[in-house]
Every structure is written in C-alpha cells, then in structure tokens.
Amino acid sequence: MAQQFDTSQVTIRKDLEVLHAQKLVHRTHGGALPAARGLLKIQRFEKRTLQRQEKLRIAAAAARLVKEGQVVILDSGTTTTASPELYANFHNITIITNAVNIAAELSGAPVEVILTGGTLRKNSFSLVGPIAEETLRR
C-alpha cells in the first residue's frame, strides 16, 4: 500500500488504525480487511489464491518429507490448506490439525485425523484457545 499510494509504511499503519477505530476495516497481520461481512469471505478467498503456485510447491515439498507411521501437524495457514489431498495417499499417518477445512478434506482419506478442538475462529476456519492448546500439549 505504501508503494501504491507513494507514502510511508508508518502513514499507512496510522491510516489503517483510524479506519479500524471507525469500524470500516478489521486490522490483520500485515494489513486490513473490509468490515462488511460478505467482503470478508471474498478477502479470505483472495488470500488463498495469492501466490497459489508457490503455496502448492511448498505443500508438496513438505508432504515429500513425511513417512508412513509419522504424526504430522498442519495448522490453518493458507499454505498448509493449499493441498491437504497430498496426504490422502498415505495409509499409516496421523494428522493433527486445528483447521476444520483440512479435516473435512481428509475425512475420506485412509489417514487418522485428529482435530484439536477449541473455539472456532470464523475467518480462518481454525480452532483456537485453551482447549486447542491443551490438546497439542498432550
């Protein structure tokens, strides 16, 4: 945004804080999302599609490191959700995730899927909070 508007990053951050205080945007790490409900879904979809090929390559490289019998933890980030189907070819792995969408995609795969439980963070379809943290500790 600083480049686009030919201003400093500090100015952009201050402007976003003002817009956030006016409830016109929701602040996020590295930016902001429109406050309108329908637009949040559009933004979430757009984030998934940004740098899609790179995310797919990273996900494939990570999946190649996995061996049968291992436990894999997948968080709810856009890179880990890029292609959970890569894990569907395994037969003896356990996937622990806080991502509801990853669990749903793997529901028909011959892998064990464990959801952490917790409070649903609607903008990322992830489970967070003390319950999720305790599950991971155990």
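Below, each value reflects all heavy atoms present in this structure, side chains not excepted, and no hydrogens, waters or symmetry copies. Being a predicted model, the structure only gives us computed values, none of them experimental.
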In this structure, CG of L65 is separated from NZ of K67 (nearest 0.5 Å) by 6.5 Å

Has the side chain of T79 got a donor or acceptor atom that lies under 3.5 Å from a matching backbone atom of K55?
no

Might you confirm whether atom CD of Q9 has over 12 heavy atoms from other residues, nucleotides or ligands at distances under 6.0 Å? no

The test is side-chain contact (heavy atoms from CB on, under 4.5 Å); show your working for I114 and I95 and say whether it passes. CA-CA 6 Å; I114 298 172; I95 295 179; over 6 Å; no

Here the gap from F90 atom CZ to Q70 atom CD, rounded to the nearest 0.5 Å, amounts to 8.0 Å

Between S76 and S126 the two heavy atoms that sit nearest each other are OG-CB, 3.2 Å

Within the 4.5 Å heavy-atom criterion, are I96 and V72 side-chain neighbours or not? no

> Would you say T116 and L136 make side-chain contact, with heavy atoms under 4.5 Å?
Replying inline: yes

>> Counting neighbours of CD on Q3 that are heavy atoms of other residues, nucleotides or ligands and sit closer than 6.0 Å, is the number greater than 12?
In response: no

Contact between N98 and D75 at the side-chain level, heavy atoms closer than 4.5 Å - yes or no? yes

Note: L86 and A63 closest approach over all heavy atoms is CB-CB, 3.8 Å

- Determine whether T11 and K14 make a side-chain contact, defined as any pair of heavy atoms from C-beta on separated by less than 4.5 Å. no

inquiry  = Using only atom types and a distance under 3.5 Å, with no angle test, would you say the side chain of T135 pairs donor to acceptor with the backbone of I131?
reply    = yes

Between the CD1 atom in I73 and the OG1 atom in T80, the distance rounded to the nearest 0.5 Å is 12.0 Å

Would you say the side-chain atoms of E105 pair up with the backbone N or O of I102, donor to acceptor, closer than 3.5 Å?
no

Q. Taking side chain as C-beta onward, heavy atoms only, is V71 less than 4.5 Å from I93?
A. no

(message) Would you say that L115 contacts T97 through its side chain, given a criterion of any heavy-atom pair below 4.5 Å between the two side chains?
(response) yes

Nearest heavy-atom contact between V111 and Y87 is CG1-O, 3.4 Å

- Query: Do NZ/NE/NH1/NH2 and the carboxylate oxygens of R137 and E134 come within less than 4.0 Å?
  - Reply: yes

